[in-house]
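Start at 1 with the first residue, then count along the sequence.
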Amino acid sequence: MEALLHDLKLDLSQGLEVLDAAHLGARPPSRDLPLIVRRTSSDLVDVVAQVLIARYPAEHPVTLWRDGDMQTVLLHELEKQDWADYETSLYLPPLKASEAGETRWPADPLVQVMARLRAPDGCPWDREQTHESLRKYMLEEAYEAVEAIDTGDPRLICEELGDVLLQIVFHAQVASEAGQFDFHDVVEGITAKMVRRHPHVFGDAVAETPEAVTRTWEAIKRAEKGGKATESVLGKVSSALPALTKAYEVQKRAAKVGFDWKEIDGPVAKVREELDEVLSASADEQEGELGDLLFAVVNLARMLKIDPEVALAGTVSKFSRRFRHIERRTAEMGLKMEEMALAELDKLWDEAKTAEFRQKSG
């Protein structure tokens with residue numbers, strides 16, 4: 001280390017950050033200090049390069065030091081060097097403030113707008129918001145983004161993703177004001193995690209199927225927790241999920257440890273059994289029995305490889321389209337729905353179904 005510092009002629013009064021290559025993914029560099037990455041070897045260079053390129057511009061200089069020999073290359077050229085089988089130390093000068101802002105953080109304009117809105121002379125509504133008060137907006141914007149994806153409209157998807165990003169920036173600003181973390185910490189944290197959990201992309205591991213990727217991901221998660229699994233296989237299912245999605249996730253996790261039917265006949269029979277129990281239950285018991293029926297239907301959907309949330313959302317959209325058709329037609333006839341017989345409304349419903357069928361069939 002002394003020889004390295006001597007050869008680099010570093011002024012330690014300005015500070016220095018020294019990290020081990022094997023741990024770089026778990027602890028990304030700050031970029032504000034001169035950086036030395038020790039013990040970079042051929043089997044680690046891919047991961048090191050990916051972590052660094054997520055933090056520095058591709059044109060940032062990197063000095064390679066090997067037993068007194070030094071060579072300076074650009075960051076994007078790092079993986080192309082001859083790494084052989086010996087260890088190398090890397091030196092990266094600190095990132096200038098202008099480079100950090102303009103090159104690596106394209107979301108900074110939005111971050112700055114949010115900081116201005118939260119300033120003492122900013123927007124009264126934005127200033128009074130907390131993580132708790134913003135919670136419902138995060139959910140709403142996420143659902144609207146999913147709805148936009150269902151439309152297939154790129155412009156609408158882009159707009160709704162922007163709204164989701166705004167919520168992330170909003171929460172990060174609230175945390176920044178409390179001295180907890182900021183938006184850059186959010187980006188750096190998830191970047192490091194993605195590199196760390198994809199060794200088959202950024203390292204030498206092999207995972208050629210989605211199932212193999214999932215196993216690798218779960219193994220790395222356990223290692224990050226000190227090799228300990230969560231107390232329950234259901235421990236990571238969010239309590240904030242809608243009940244239908246939560247049921248689906250709970251069942252999937254239980255199935256992973258073998259608590260599942262082998263054939264579809266099981267969930268089919270369970271749906272019929274639960275329906276009979278709903279119909280025979282007393283008024284006090286019906287809510288619980290109906291919940292059991294819905295849970296059984298989710299299980300059937302899972303066995304059919306259908307996401308029940310998506311399936312139900314599609315049916316709700318279909319119902320809404322046909323109901324609006326009935327509303328339009330009754331208005332055209334100068335009638336009020338509440339004054340019409342159910343048979344008349346059913347006729348208009350069938351009319352809507354026929355129109356949809358014709359449209360689909362061309």
> Test Trp261 against Asn299 for side-chain contact (heavy atoms from CB on, under 4.5 Å), laying out the working first.
CA-CA 9 Å; Trp261 276 289; Asn299 233 336; 3.5 Å; yes

> For Arg135, look at atom CZ and say whether over 12 heavy atoms of other residues, nucleotides or ligands are found less than 6.0 Å away.
no

> Within the structure provided, determine whether Asp150 and Val146 are in side-chain contact (heavy-atom separation under 4.5 Å).
yes

> Salt bridge check, Glu249 against Lys246: does any charged N sit closer than 4.0 Å to a carboxylate O?
no

> Any side-chain heavy atom of Leu52 sitting closer than 4.5 Å to one from Leu24?
yes

> What's the verdict on salt bridge (charged side-chain N to carboxylate O under 4.0 Å, His left out) for Arg155 and Glu159, showing C-alpha distance, side-chain angles and the deciding distance?
CA-CA 6 Å; Arg155 288 177 296 181; Glu159 178 183 347; over 6 Å; no

> Ile220 and Trp217: same hydrophobic cluster, using ILVMFWY side-chain contacts below 4.5 Å?
no

> Determine whether Tyr137 and Ile168 fall in the same hydrophobic cluster, where Ile, Leu, Val, Met, Phe, Trp and Tyr are linked whenever their side-chain heavy atoms lie under 4.5 Å apart.
yes

> Taking all non-hydrogen atoms of both residues, which atom of Val51 and which atom of Val195 are closest, and how far apart?
CG2-CG1, 3.7 Å

> Using 30° and 60° as the class boundaries, would you call the ring planes of His198 and His200 parallel, tilted or perpendicular?
tilted

> Would you compute the distance between atom CG of Leu165 and atom CD of Glu141 and round it to the nearest 0.5 angstrom?
11.0 Å

> Carefully, step by step, assess Leu16 and Leu33 under the rule side-chain contact (heavy atoms from CB on, under 4.5 Å).
CA-CA 6 Å; Leu16 176 66; Leu33 297 171; over 6 Å; no

> Any donor-acceptor pair under 3.5 Å linking the side chain of Ser280 with the backbone of Asp276?
yes

> Please report, to 0.1 Å, the donor-acceptor pairs under 3.5 Å made by any side chain of residues 176-183, with sequence neighbours excluded.
from   : atom 1 : to     : atom 2 : distance (Å)
Glu177 : OE1    : Arg118 : NE     : 3.3
Glu177 : OE1    : Arg118 : NH2    : 2.7
Glu177 : OE2    : Arg118 : NE     : 3.2
Glu177 : OE2    : Gln173 : NE2    : 3.0
Asp182 : OD1    : His184 : N      : 3.1
Asp182 : OD1    : Asp185 : N      : 2.9

> Are Trp125 and Val169 connected, step by step, through hydrophobic side chains (Ile, Leu, Val, Met, Phe, Trp, Tyr) whose heavy atoms are closer than 4.5 Å?
yes

> If every non-hydrogen atom of Ala296 is compared with every non-hydrogen atom of Glu274, which pair is closest and at what distance?
CB-CG, 4.0 Å

> Run through Arg322, Arg328, Arg329 and flag the one making a salt bridge (Lys or Arg N to Asp or Glu O under 4.0 Å) with Glu351.
Arg329

> Measuring from atom CD of Glu147 to atom CG of Asp153, what distance do you get when rounded to the nearest 0.5 angstrom?
12.0 Å

> Are the side chains of Leu92 and His60 in contact, using a 4.5 Å heavy-atom criterion?
yes

> Side chains of Asp121 and Arg116: closer than 4.5 Å at any heavy-atom pair?
yes

> Start with the C-alpha gap between Trp349 and His325, add the side-chain angles, then the distance that decides, and say whether ring-ring contact (aromatic ring centres under 6.0 Å, His included) holds.
CA-CA 8 Å; Trp349 178 271; His325 174 87; 9.6 Å; no

> Let me see the working for Ile190 and Lys193 under side-chain contact (heavy atoms from CB on, under 4.5 Å), right down to the final yes or no.
CA-CA 5 Å; Ile190 190 60; Lys193 180 188 289 186; 4.1 Å; yes

> Kindly indicate whether the side chain of Leu290, heavy atoms from C-beta on, has any atom under 4.5 Å from the side chain of Leu293.
yes

> Do side-chain atoms of Gln251 reach the backbone of Phe295 as a donor and acceptor pair under 3.5 angstrom?
yes

> Would you indicate whether Gln71, at its atom CD, is surrounded by more than 12 heavy atoms from other residues, nucleotides or ligands within a distance under 6.0 Å?
yes

> For the CD atom on Glu128, are there more than 12 heavy atoms of other groups (residues, nucleotides or ligands in this structure) within a distance under 6.0 Å?
yes

> Is a side-chain donor-acceptor pair under 3.5 Å present for Ser41 with Asp43?
yes

> Tell me, yes or no, whether the heavy-atom count around Glu356 atom CD, taken from other residues, nucleotides or ligands under 6.0 Å, exceeds 12.
yes

> At their closest point, which heavy atom of Cys123 faces which heavy atom of Asp126, and how far apart are they?
SG-OD2, 3.0 Å

> Indicate yes or no: at least one non-hydrogen side-chain atom of Pro34 is less than 4.5 angstrom from one of Pro93.
no

> Does a side-chain heavy-atom distance below 4.5 Å link Pro308 with Val297?
no

> Measuring only between side-chain heavy atoms, which start at C-beta, is Leu5 closer than 4.5 Å to Ile36?
yes

> Compare every heavy atom of Leu117 with every heavy atom of Arg127, then report the nearest pair and how far apart it is.
CG-O, 3.7 Å

> State which residues pass side chain to side chain donor-acceptor pair (under 3.5 Å) with Thr315; sequence neighbours excluded, sorted by chain then number.
none

> Test your reading of the model: is there a side-chain donor-acceptor pair from Arg302 to the backbone of Tyr248, 3.5 Å cut-off?
no

> What is the minimum heavy-atom distance between Ala21 and Val48, and which atoms define it?
CB-CG2, 3.8 Å

> Cluster question for you: counting only ILVMFWY and a side-chain heavy-atom cut-off of under 4.5 Å, with indirect links fine, are Val113 and Leu134 together?
yes

> Please lay out, stage by stage, how Lys270 and Glu273 fare under the test salt bridge (charged side-chain N to carboxylate O under 4.0 Å, His left out).
CA-CA 5 Å; Lys270 192 64 175 176; Glu273 174 190 327; 3.3 Å; yes

> Got a second to check how far Thr88's OG1 is from Trp65's CH2, nearest 0.5 Å?
9.5 Å

> Would a single hydrophobic cluster contain both Leu335 and Phe323, if residues Ile, Leu, Val, Met, Phe, Trp and Tyr are joined by side-chain heavy-atom contacts under 4.5 Å?
yes

> List the steps, then state whether side-chain contact (heavy atoms from CB on, under 4.5 Å) holds for Gln81 with Val62.
CA-CA 12 Å; Gln81 305 308 306; Val62 181; over 6 Å; no

> Which heavy atom in Leu234 sits nearest to a heavy atom in Ala254, and how many Å separate them?
CD2-N, 4.4 Å

